[in-house]
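Let me begin by presenting the structure, written as structure tokens, before commenting on it.
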Amino acid sequence: MSDKDRQAEPARSRHRAGFGQRPPVGAMPGTLMRDPDAQQTQVRIVCYGPDRIEEIPFQGPQSLPQLLDSWAVTWIAVSGLRDVELIAELGNVLGLHELALEDAVSSQQRPKVENYDDYTFVVTQAPRWNPVHDGDAADLEHVSEQIAIFFSRAFVLTVKAGEGGRFDAIRERLYKQRGRVRKAGPGHLVYAMLDIVIDEYFPVVEHLGEKLEALEADIMRNPDREVVVRIQQMRRSLLAMRRAIWPQREVVYALAREGMPHVGRKTRIYLRDCADHLTQLIEMTEMYRELTTGLLDIYLSSASARTNEVMRVLTIIATIFIPLGTVAGIYGMNFDPQVSPWNMPELSWYYGYPYAIGLMATMAGAMLFYFWRKGWLGGRDPARLLQDD
Amino acid sequence: MSDKDRQAEPARSRHRAGFGQRPPVGAMPGTLMRDPDAQQTQVRIVCYGPDRIEEIPFQGPQSLPQLLDSWAVTWIAVSGLRDVELIAELGNVLGLHELALEDAVSSQQRPKVENYDDYTFVVTQAPRWNPVHDGDAADLEHVSEQIAIFFSRAFVLTVKAGEGGRFDAIRERLYKQRGRVRKAGPGHLVYAMLDIVIDEYFPVVEHLGEKLEALEADIMRNPDREVVVRIQQMRRSLLAMRRAIWPQREVVYALAREGMPHVGRKTRIYLRDCADHLTQLIEMTEMYRELTTGLLDIYLSSASARTNEVMRVLTIIATIFIPLGTVAGIYGMNFDPQVSPWNMPELSWYYGYPYAIGLMATMAGAMLFYFWRKGWLGGRDPARLLQDD
Amino acid sequence: MSDKDRQAEPARSRHRAGFGQRPPVGAMPGTLMRDPDAQQTQVRIVCYGPDRIEEIPFQGPQSLPQLLDSWAVTWIAVSGLRDVELIAELGNVLGLHELALEDAVSSQQRPKVENYDDYTFVVTQAPRWNPVHDGDAADLEHVSEQIAIFFSRAFVLTVKAGEGGRFDAIRERLYKQRGRVRKAGPGHLVYAMLDIVIDEYFPVVEHLGEKLEALEADIMRNPDREVVVRIQQMRRSLLAMRRAIWPQREVVYALAREGMPHVGRKTRIYLRDCADHLTQLIEMTEMYRELTTGLLDIYLSSASARTNEVMRVLTIIATIFIPLGTVAGIYGMNFDPQVSPWNMPELSWYYGYPYAIGLMATMAGAMLFYFWRKGWLGGRDPARLLQDD
Amino acid sequence: MSDKDRQAEPARSRHRAGFGQRPPVGAMPGTLMRDPDAQQTQVRIVCYGPDRIEEIPFQGPQSLPQLLDSWAVTWIAVSGLRDVELIAELGNVLGLHELALEDAVSSQQRPKVENYDDYTFVVTQAPRWNPVHDGDAADLEHVSEQIAIFFSRAFVLTVKAGEGGRFDAIRERLYKQRGRVRKAGPGHLVYAMLDIVIDEYFPVVEHLGEKLEALEADIMRNPDREVVVRIQQMRRSLLAMRRAIWPQREVVYALAREGMPHVGRKTRIYLRDCADHLTQLIEMTEMYRELTTGLLDIYLSSASARTNEVMRVLTIIATIFIPLGTVAGIYGMNFDPQVSPWNMPELSWYYGYPYAIGLMATMAGAMLFYFWRKGWLGGRDPARLLQDD
Amino acid sequence: MSDKDRQAEPARSRHRAGFGQRPPVGAMPGTLMRDPDAQQTQVRIVCYGPDRIEEIPFQGPQSLPQLLDSWAVTWIAVSGLRDVELIAELGNVLGLHELALEDAVSSQQRPKVENYDDYTFVVTQAPRWNPVHDGDAADLEHVSEQIAIFFSRAFVLTVKAGEGGRFDAIRERLYKQRGRVRKAGPGHLVYAMLDIVIDEYFPVVEHLGEKLEALEADIMRNPDREVVVRIQQMRRSLLAMRRAIWPQREVVYALAREGMPHVGRKTRIYLRDCADHLTQLIEMTEMYRELTTGLLDIYLSSASARTNEVMRVLTIIATIFIPLGTVAGIYGMNFDPQVSPWNMPELSWYYGYPYAIGLMATMAGAMLFYFWRKGWLGGRDPARLLQDD
Ligand SMILES: [Mg+2]
Ligand SMILES: [Mg+2]
Ligand SMILES: [Mg+2]
Ligand SMILES: [Mg+2]
Ligand SMILES: [Mg+2]
Ligand SMILES: [Mg+2]
Ligand SMILES: [Mg+2]
Ligand SMILES: [Mg+2]
Ligand SMILES: [Mg+2]
Ligand SMILES: [Mg+2]
Ligand SMILES: [Mg+2]
Ligand SMILES: [Mg+2]
Ligand SMILES: [Mg+2]
Ligand SMILES: [Mg+2]
Ligand SMILES: [Mg+2]
Ligand SMILES: [Mg+2]
Ligand SMILES: [Mg+2]
Ligand SMILES: [Mg+2]
Ligand SMILES: [Mg+2]
Ligand SMILES: [Mg+2]
Ligand SMILES: [Mg+2]
Ligand SMILES: [Mg+2]
Ligand SMILES: [Mg+2]
Ligand SMILES: [Mg+2]
Ligand SMILES: [Mg+2]
Ligand SMILES: [Mg+2]
Ligand SMILES: [Mg+2]
Ligand SMILES: [Mg+2]
Ligand SMILES: [Mg+2]
Ligand SMILES: [Mg+2]
Ligand SMILES: [Mg+2]
């Protein structure tokens with residue numbers, strides 16, 4: 001089983017995943033945990049300034065100070081968390097705090113911004129699709145990938161667990177000198193990353209919305225019990241989404257606040273645009289949450305309509321035929337008509353049998369008329385509304 | 001169909017509509033998306049001051065600076081979003097930020113106010129009725145039309161997707177020199193627009209209230225399962241309404257705040273009046289939301305009352321006739337009375353048959369008395385309350 | 001139909017009532033709408049100071065400035081909104097803002113305080129009882145009557161739709177020189193009015209509490225479906241009450257705040273007492289709201305207990321008699337005992353019939369014992385608890 | 001019975017009690033209402049300072065100023081509200097505001113703190129047990145007793161409706177010179193009173209917790225309908241408890257705030273301890289509220305499990321015996337076997353009767369096997385879990 | 001029964017436990033209650049500074065001042081609360097407030113921070129596992145152990161009820177001079193303790209998450225009534241967890257605030273990391289709370305699906321066989337065919353019996369076809385989804 005396959009595996013316990021890898025109780029603060037399943041660590045360096053840009057091969061942490069001095073912005077992109085010693089050394093060279101590094105190599109840190117003396121530390125959670133095989137239908141499940149970003153006047157260090165070119169569009173804009181990003185310093189580079197992360201949430205939330213719509217349609221059409229499980233899954237997904245997006249907005253607002261170091265005045269306008277998009281995401285998520293609550297009501301009323309219909313059929317058949325059976329039973333009694341004229345004289349009537357059948361037909365007709373007046377015979381059948389759709 | 005076309009397709013599902021047209025992930029900030037279904041772009045210019053007013057034919061963006069210099073207020077009304085290049089050039093000439101322009105040509109931006117150096121940017125969402133054909137009944141559905149407003153000391157630029165004279169009443173007041181609007185500068189013109197947008201919400205919310213009232217009556221009269229769907233639609237509508245109105249109030253409060261540029265002290269009083277109306281709208285919406293929750297309770301209790309009635313009819317008929325059938329069955333047994341005097345002597349009684357019928361009548365009477373005491377025989381019939389209304 | 005009768009009519013649409021009379025969309029701000037059903041406008045003027053007091057006949061708006069100069073406090077009480085031109089002229093003479101006047105002649109403005117340059121504008125909603133005929137029982141329905149108050153250093157102008165001496169007790173105190181009101185200026189007169197309005201809410205809220213208590217008792221005694229409608233009406237009433245009272249408290253707090261013009265330091269203590277009473281009203285209303293939620297639970301469990309009892313009766317009767325009927329049916333089969341000794345030899349037993357009856361009795365007894373052990377035979381009958389109360 | 005008597009009658013319903021005695025609408029502010037059932041007014045005076053302490057017989061309000069001059073602290077304890085004139089005169093001598101006095105002699109004023117020029121006014125609500133006879137079981141019901149406290153640099157005046165030595169422990173500490181209370185001034189005496197009031201709430205809240213536990217056990221064991229009423233009573237009690245405790249905490253925080261006159265810096269630490277205990281009380285109350293919500297779920301699922309069991313018994317018996325009865329009915333038909341060999345040849349088979357009985361047994365066995373596989377025959381009987389507890 | 005056994009006993013009343021041991025009403029503030037079941041008091045002293053560290057045998061409270069003078073930090077660890085006089089004397093020697101000491105020896109004080117003149121008082125609640133025997137399955141129940149911490153410039157005093165080396169990892173780090181703790185003063189030692197307490201919550205919350213997952217699976221597989229009790233227990237556990245964790249975060253934020261005495265600037269960064277972990281714990285707890293609410297919905301829909309299935313089986317069997325029985329009953333009537341050709345001529349038909357059987361088969365087939373079309377015959381059986389999982 002390759003590393004890549006392992007990556008795509010669904011989490012075995014949803015709950016552990018909620019907290020990620022943790023150092024043992026009582027461990028020294030700043031302990032960097034190595035996940036045995038972590039991917040190979042790769043470091044990719046791009047240096048740029050208003051006038052020039054260059055991808056520099058990584059030659060160890062000690063080569064960094066010289067780059068920082070020579071270039072306006074040095075972007076050090078670390079992907080894969082296997083080599084924690086390398087990451088620790090990078091942190092040491094760049095003067096990063098042990099607790100921030102611990103957060104950076106953990107995988108489920110809550111999104112946040114922290115200002116240290118010389119640099120700012122940002123954690124964000126980006127969406128990623130994992131294939132899942134639930135029953136027989138293949139589906140995509142949204143999971144979070146943590147991205148830790150350290151940035152100062154001179155560098156941007158990104159640390160994430162997976163490979164994959166999430167930020168390739170930024171590199172392209174840097175090389176093609178499109179937009180403000182080449183001229184605008186580390187803060188604007190961080191903005192560009194957050195912008196991509198946030199834009200990536202839209203299809204995820206839209207996907208949830210489509211699932212919700214499909215679920216609603218299924219509940220109307222075929223309200224079997226399994227939909228309750230899907231409603232609970234929807235609720236779980238929306239809670240996870242909320243937990244991912246809400247703190248993200250606080251992060252963006254914090255970065256856009258006046259006085260945040262290494263973030264220029266013009267970049268703040270761009271960050272406010274991100275915050276706007278996060279508010280849109282939050283509003284949609286909250287709306288889906290409220291609609292999800294309504295789904296259960298629809299299901300329960302569907303189920304109850306079904307029970308009602310079953311009851312109605314039983315009642316109609318039973319209340320028509322049980323009395324008929326009783327009449328038949330009466331004329332099946334063996335009282336001896338020869339002993340007395342009082343004993344079942346009907347049995348000897350010329351039209352005795354037609355009379356009995358007629359009595360039954362009258363009783364059945366009266367019941368049917370009663371049921372028709374009650375609206376139980378289908379015309380106003382509420383359950384039929386469901387089936388004809 | 002190219003990838004690009006597919007991307008630009010109009011939203012088919014409700015969920016896409018929630019977000020509107022979006023540039024692709026990683027696109028440059030400030031990318032103006034062209035919607036192929038967008039209406040033809042039209043620009044209409046009205047210039048006015050305390051003493052004179054004139055409608056000026058649009059002669060390209062480059063003609064604007066001269067107008068701005070010559071007139072107290074220049075109102076540039078753009079409707080139709082097809083010609084994004086024209087809009088971009090207008091933005092360029094007037095010095096507008098690329099992100100604000102992106103918001104202006106998107107169709108589902110959240111209402112907001114943003115202050116830029118020389119101008120203020122406002123987004124509002126106005127209500128519009130779309131005809132819908134749900135089942136066989138024609139109905140009107142409320143949708144949002146976005147209106148983006150840029151205003152500075154000298155101009156007001158409005159950008160909206162649809163044509164139609166939403167603001168004709170303002171033009172009329174301008175021409176007829178009625179009210180403060182001719183003398184009061186761009187801020188008061190913006191107020192007049194927002195006032196119309198907010199006033200247009202009242203019939204929409206009233207329409208929802210009437211639908212809610214009709215729904216409540218239907219639930220009482222004829223509680224079929226379809227009402228649950230209507231309750232869910234009502235919930236959806238009220239959520240959409242809330243999402244449209246709440247941020248609008250923040251917009252109006254922000255504009256009415258002291259220190260907001262290009263908004264005069266006297267105009268602030270007028271804006272507070274708008275805020276008042278928005279509060280009324282919000283209160284009605286919230287009240288409808290709470291009443292909607294109660295509707296489901298009414299429906300469920302109606303449905304349960306129905307089931308109960310069906311049960312009662314079944315119970316009455318079955319518990320009366322099943323014992324009778326058993327008695328009849330007993331006297332239909334074939335034990336041989338000739339073998340022993342113990343074997344079914346009733347069959348040979350002189351009044352055997354009347355005795356059997358009397359036994360049955362007594363049993364039925366006892367059951368009926370019991371049901372009457374329980375109140376199951378109709379006098380206190382809870383379901384009848386429902387039908388006689 | 002006289003004006004007075006019309007007044008007592010129930011509102012035809014609850015929803016319109018929520019917004020009151022509204023100028024058309026796009027109307028000039030400050031448009032005063034005349035309600036064709038409005039009562040005749042009457043103006044009553046009382047002037048007073050520490051030493052003297054006089055009721056002055058109204059001689060047109062132009063006579064007011066002189067009164068304001070001559071007296072410490074001039075109280076101009078306008079009731080009836082038919083003559084909007086007169087009200088507009090009054091506003092003009094007293095220098096009132098067109099938007100405040102528009103609020104004053106509307107009938108459903110939210111309670112609020114607004115400070116203008118020379119005067120303060122207060123809107124309050126007072127309770128009023130309307131008779132309603134719901135089914136056959138006469139009841140009282142609470143509705144709101146709006147009272148608009150303008151006050152400055154020298155005058156108090158009150159505007160309300162209906163006649164009736166809500167504030168007669170204040171006039172009496174003024175004449176009899178009881179309490180602070182004669183010496184204390186316009187602010188204290190406004191306090192005295194608000195105090196009466198708030199005190200009038202107590203019997204209304206108490207009436208709701210009594211209805212809630214009666215409703216709870218009815219649900220326990222006779223849980224028919226109609227109670228759900230009463231619960232919904234209770235919810236609606238409590239929402240309306242909340243909507244009336246909550247903003248009222250903000251009004252009182254605003255008036256009691258330091259720096260509010262035309263309100264003396266000593267009057268502030270009195271206003272805080274009003275706020276206290278509003279808090280009591282709010283707490284009771286909120287408590288009733290929570291208890292109302294609980295009522296539905298009681299109803300649903302009552303209804304479910306009823307269904308359960310019906311089921312139990314059906315089950316007991318059916319499960320006892322159906323097996324007996326089967327036994328009887330078996331001995332009613334026509335297998336020929338003469339063909340073989342295996343064919344229904346019981347029919348020829350000496351004690352065949354007693355044996356069959358004994359078999360049935362044994363089966364019925366076993367069932368009854370089973371039901372008795374289950375507690376289904378009444379001793380622990382949960383539904384009986386309900387009926388014996 | 002005169003109008004005045006009727007007005008002053010003690011509250012019969014729970015709702016009136018919620019508001020207590022109220023002056024009529026429009027009454028002068030500061031009107032002291034006399035409750036005809038009020039207890040005899042008694043005044044008890046204890047004067048003390050660091051060095052000496054003495055209980056002084058009350059010789060009328062006019063004797064107080066001299067005591068206030070001679071002693072460090074004069075504690076005037078008024079119990080019983082019958083003699084409102086005496087209380088008014090006390091207020092007059094001590095310079096107390098008419099509105100504060102009105103609150104003091106009302107019985108259900110919300111807990112609050114108000115600072116007047118020379119003194120501070122505190123209202124608290126202490127718990128008291130009233131015996132109630134609900135059905136046949138005697139129980140204790142918690143009610144509130146209001147205690148009003150005025151304190152300044154020199155005196156503490158307490159006003160309460162009932163007699164009884166709630167604060168005897170404080171007197172004892174004063175006399176025995178234990179703790180800070182003798183040396184610490186009026187503020188600390190007020191603290192000591194509040195401390196006792198708060199400590200008295202703990203057994204009350206614990207009692208509610210025990211009732212909740214008993215209720216939960218009863219719901220599990222014997223879920224009859226009456227428990228819903230008990231749940232509603234529990235909800236009502238917890239709401240009353242919350243209404244009593246929450247504002248109490250605001251009172252204590254207000255007294256502990258820096259700058260509160262007549263409260264020493266050291267006493268503030270003691271007040272914070274009180275606030276801590278109130279927070280504990282609030283947390284327990286809130287927790288009980290949430291658990292109470294869960295109780296209804298347990299009840300409903302118990303009731304539904306019962307219905308389900310009844311259904312299951314009915315289904316098993318009916319679906320086994322109805323088909324058997326049909327088979328028996330078939331062989332009870334009177335088709336004439338002598339007319340044709342096709343007519344009921346079974347009746348003449350040698351083993352006809354055993355064959356019919358065997359057919360029935362097979363059918364019954366098949367049904368039983370089906371029910372056993374469904375788990376309906378008791379092994380996994382969910383309802384049994386309930387009964388074996 | 002040894003002390004240790006007693007400790008492991010489950011609390012007899014959950015509610016008392018909520019408040020812990022309390023002094024009687026009216027007791028002097030600062031009364032130290034001795035719990036007769038309290039463990040033997042032990043005092044352990046570790047003194048350290050940047051250069052040296054030593055464990056000093058405890059020689060009575062009077063020996064402490066000298067240690068405080070000689071060492072940078074003196075850590076006095078008191079475990080076991082039996083000897084309250086010793087603890088009081090310790091407090092006296094160190095100058096601690098009587099109310100803080102009272103909190104320290106109580107066992108259920110809410111987490112809090114209080115600043116006194118020379119020292120800071122912190123209360124925290126650490127998780128501990130107690131074995132419980134619920135039914136036959138052994139389980140672990142989480143309970144709280146209170147830890148009180150006093151710290152100043154020179155000492156840290158910890159007071160807790162139980163023995164056990166919760167903080168042994170800190171001692172080890174102190175001895176091995178690992179991390180900042182040896183150099184960083186009392187504040188950092190307090191941080192290290194809180195860090196361990198918080199880390200210990202993670203497995204507890206994870207355990208709750210796993211129980212929730214198991215509960216959800218059980219509800220899907222075998223929704224018997226007992227799960228409702230487990231849901232209520234889960235709700236209770238999560239409420240207790242919330243009550244333990246929420247105030248803990250306020251404690252940590254308070255300690256991390258600028259200006260908190262005896263906490264260094266660098267330690268604050270470490271405390272913020274603790275706050276981060278508490279936020280994670282809170283988010284998980286809140287998410288579990290929301291999911292717990294969903295579980296009841298799943299249970300109720302499972303139960304309702306079961307009832308529905310039972311109903312369906314009853315309806316199918318009864319509605320098929322009751323009409324057949326009626327037909328059989330008709331041909332079992334004893335009308336005399338010899339009296340008239342109208343009397344049951346079928347009985348003498350050559351194919352009379354096959355005709356009757358055919359009639360029955362046709363009726364049964366029609367019913368089956370109807371049920372098949374309704375989807376009641378299993379193919380779309382909603383209940384089966386449940387059983388095949
Ligand atoms: Mg929102
Ligand atoms: Mg929310
Ligand atoms: Mg929301
Ligand atoms: Mg929200
Ligand atoms: Mg909401
Ligand atoms: Mg809701
Ligand atoms: Mg509101
Ligand atoms: Mg709301
Ligand atoms: Mg809201
Ligand atoms: Mg609201
Ligand atoms: Mg609510
Ligand atoms: Mg709800
Ligand atoms: Mg409240
Ligand atoms: Mg509340
Ligand atoms: Mg509320
Ligand atoms: Mg509230
Ligand atoms: Mg509240
Ligand atoms: Mg509710
Ligand atoms: Mg709380
Ligand atoms: Mg709460
Ligand atoms: Mg709360
Ligand atoms: Mg809470
Ligand atoms: Mg909560
Ligand atoms: Mg609640
Ligand atoms: Mg949260
Ligand atoms: Mg929460
Ligand atoms: Mg939450
Ligand atoms: Mg939360
Ligand atoms: Mg929520
Ligand atoms: Mg929810
Ligand atoms: Mg809840």
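Throughout, a chain's letter reflects where its sequence line sits, starting with A, and its residues are numbered from 1. Quick caveat, the model's predicted, so the values are computed rather than measured.
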Do you know the tightest heavy-atom contact between [X] and [Y]?
X	Y	value
C/Gln108	B/Gln280	O-NE2, 3.8 Å
C/Gly26	B/Ile196	CA-CG1, 3.9 Å
C/Ile317	B/Pro323	CG2-CG, 3.9 Å

What part of [X] lies closer than 4.5 angstrom to a heavy atom of chain C: side chain, backbone, both or neither?
X	result
B/Leu295	both
B/Pro337	neither
B/Ile269	both

Quick one: are [X] and [Y] in side-chain contact, heavy atoms under 4.5 Å?
X	Y	result
B/Tyr191	C/Pro29	yes
C/Trp349	B/Val339	no
C/Val25	B/Phe202	no
C/Arg110	B/His277	no

Is a side-chain donor-acceptor pair under 3.5 Å present for C/Thr307 with B/Asn308?
yes
If only side-chain N and O atoms count, and only distance matters, is there a donor-acceptor pair under 3.5 Å linking B/Asp297 with C/Gln232?
no
With a 4.5 angstrom heavy-atom cut-off, could you sort out which part of [X] is near chain B: side chain, backbone, both or neither?
X	answer
C/Ile322	both
C/Ala27	backbone
C/Glu98	side chain

Option that, when pairs with chain B are counted at under 4.5 Å, heavy atom only, ranks first among C/Met333, C/Met344, C/Glu102
C/Met333
Select, from C/Val227, C/Ile320, C/Leu296, the one with the greatest count of heavy-atom pairs under 4.5 Å involving chain B.
C/Leu296
Atom CZ of C/Arg235 and atom CG of B/Leu291: how far apart are they, to the nearest 0.5 Å?
8.0 Å
For chain C, the option from [options] that forms the most heavy-atom pairs under 4.5 Å:
options	result
B/Arg178, B/Met287, B/Glu200	B/Arg178
B/Asp273, B/Thr279, B/Asp276	B/Asp276
B/Phe335, B/Tyr270, B/Phe371, B/Trp342	B/Phe335

Checking C/Arg243 against B/Glu286 for the side-chain contact (heavy atoms from CB on, under 4.5 Å) test, could you report, in this order, the C-alpha distance in whole Å, the side-chain angles of both residues, the deciding distance, and whether it holds?
CA-CA 11 Å; C/Arg243 203 167 142 236; B/Glu286 290 299 312; over 6 Å; no
Within the distance-only criterion (no hydrogens, no angle test), does the side chain of B/Asn334 pair as donor or acceptor with the backbone N or O of C/Gly332 below 3.5 angstrom?
yes
Say whether, by atom type as modelled, one donor and one acceptor occur between the side chain of B/Thr326 and the main chain of C/Phe321 under 3.5 angstrom.
yes
List the steps, then state whether salt bridge (Lys or Arg N to Asp or Glu O under 4.0 Å) holds for C/Glu309 with B/Arg312.
CA-CA 10 Å; C/Glu309 193 191 5; B/Arg312 219 153 19 90; over 6 Å; no
Tell me whether C/Arg289 is salt-bridged to B/Glu290, with the criterion being a basic N under 4.0 Å from an acidic carboxylate O.
yes
Donor-acceptor pairs under 3.5 angstrom involving side-chain atoms of residues 350-360 of chain C: please list them, not counting sequence neighbours.
from, atom 1, to, atom 2, distance (Å)
C/Tyr353, OH, B/Glu346, OE2, 2.9
C/Tyr355, OH, C/Tyr331, OH, 3.1

